[in-house]
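These values consider heavy atoms only, across backbone and side chains, with no hydrogens, waters or symmetry-generated copies. Since the model is a prediction, treat every value here as computed from it, not as a measurement.
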Amino acid sequence: MHLLTLILGIVLLPKAYSLKCYECISGASGTCTDTIKECPSQCVAVRVISYAGGSKLADINSKGCAVAEECVEASANFGSAKTVITSKCCTSALCNAQPAPEPTKSNPNGKKCFTCDGQSCTATLNCDGNEDYCISTKVNIGNEKVAVKGCASKLVCSNTTSALMSNIIGEEVRCCQGNFCNSASSTSAGLLLLLTPLVSLVVFS
């Protein structure tokens, strides 16, 4: 009898202590229709905003479960195009009712990286806020992989978030520390800087 009680306790205990959170992903319309999901430890609201030429191109909201490594504020800045992720984690029932906040205004931090402008990647980009790494990545435009370079937050470059960021900002993400460490080799960038933010729109819609 005691063994049966113990087995039932082990099976039912995680259920009893699971956390109810809102879950949704907004589509192209920007609305996020909530459903309720059971999570093991934390609820999260995440916001991915992409800018092109200073204008907001996409604003995608999502809610769901999270682990500590997913509670981030990070950005990948390619000059004319920038993608920013903000999140808000919490640990009480249905605490992620509100969307994640807009990113805070950031100022240049003194770091400098190469960025792509036209047909070469020799232009200088001043990094903002917590963008303390230089980044190089490739995105698919049609059937072609095209290189982009710029600044990124440490969280963009960490192992815990690299898979997520690869889905959002492109493939083969490479980061380095130090001014201009992301090499100035020429590449065919073309109109890529205007198209990069569309990656996040496709992934999350």
Side-chain angles (χ1 to χ4, degrees), residues 44 46-54 56-58 60 66-87 89 100 103-204:
V44 67
V46 178
R47 194 168 191 168
V48 179
I49 303 178
S50 289
Y51 303 91
K56 188 185 291 186
L57 186 65
I60 311 298
V67 295
E69 293 82 9
E70 294 169 338
C71 302
V72 300
E73 181 164 343
S75 61
N77 182 2
F78 300 107
S80 296
K82 184 172 184 173
T83 298
V84 183
I85 298 176
T86 62
S87 65
C89 290
T104 55
K105 175 71 175 171
S106 57
N107 296 312
N109 60 20
K111 304 285 185 184
K112 297 178 185 295
C113 300
F114 286 114
T115 188
C116 301
D117 181 13
Q119 296 299 312
S120 69
C121 294
T122 57
T124 297
L125 180 63
N126 294 311
C127 303
D128 293 331
N130 63 1
E131 297 166 357
D132 47 6
Y133 281 69
C134 294
I135 188 172
S136 301
T137 187
K138 292 183 179 180
V139 296
N140 289 316
I141 303 297
N143 295 324
E144 186 180 358
K145 283 188 178 180
V146 185
V148 290
K149 299 177 187 288
C151 305
S153 307
K154 180 179 180 180
L155 288 165
V156 171
C157 299
S158 69
N159 291 334
T160 53
T161 58
S162 60
L164 170 66
M165 292 310 298
S166 292
N167 286 333
I168 295 173
I169 62 170
E171 300 176 356
E172 302 173 32
V173 174
R174 292 187 305 279
C175 297
C176 57
Q177 282 187 291
N179 289 334
F180 302 113
C181 64
N182 59 339
S183 121
S185 58
S186 296
T187 187
S188 177
L191 296 175
L192 181 65
L193 292 178
L194 298 177
L195 299 174
T196 300
L198 292 175
V199 176
S200 62
L201 183 61
V202 171
V203 169
F204 284 90

Could you check whether any side-chain heavy atom of [X] comes within less than 4.5 Å of a side-chain heavy atom of [Y], counting everything from C-beta outward?
X      : Y      : answer
Lys154 : Asn130 : no
Glu73  : Arg47  : no
Lys82  : Ser75  : yes
Val173 : Ile135 : yes
Lys149 : Ser183 : yes
Asp128 : Asn77  : yes
Thr83  : Val48  : yes

I need the minimum non-hydrogen distance between [X] and [Y], along with the two atoms involved.
X      : Y      : value
Lys56  : Tyr51  : CA-CD2, 3.9 Å
Pro103 : Thr86  : CA-CG2, 3.7 Å
Cys89  : Val44  : SG-CG2, 3.5 Å
Ala152 : Cys157 : CB-SG, 4.3 Å

Please confirm whether the backbone N or O of [Y] pairs with a side-chain atom of [X], one donor and one acceptor, at under 3.5 Å?
X      : Y      : value
Asn109 : Glu131 : yes
Asn182 : Phe114 : yes
Thr115 : Phe78  : yes
Asp117 : Ala123 : no

Query raised in the report: Under 2.5 Å between the SG atoms of Cys134 and Cys113: is that the case?
Result: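 The answer is yes, since Cys113 and Cys134 bring their SG atoms under 2.5 Å apart.
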Report task. Please assess Thr137 against Arg174 for the test side-chain contact (heavy atoms from CB on, under 4.5 Å), listing each intermediate value before the final yes or no. Result -> CA-CA 6 Å; Thr137 187; Arg174 292 187 305 279; over 6 Å; no
Query raised in the report: Would you say the side-chain atoms of Lys112 and Asn126 include a donor-acceptor pair closer than 3.5 Å?
Result: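 There is such a pair (donor and acceptor under 3.5 Å, judged by atom type) between the side chains of Lys112 and Asn126.
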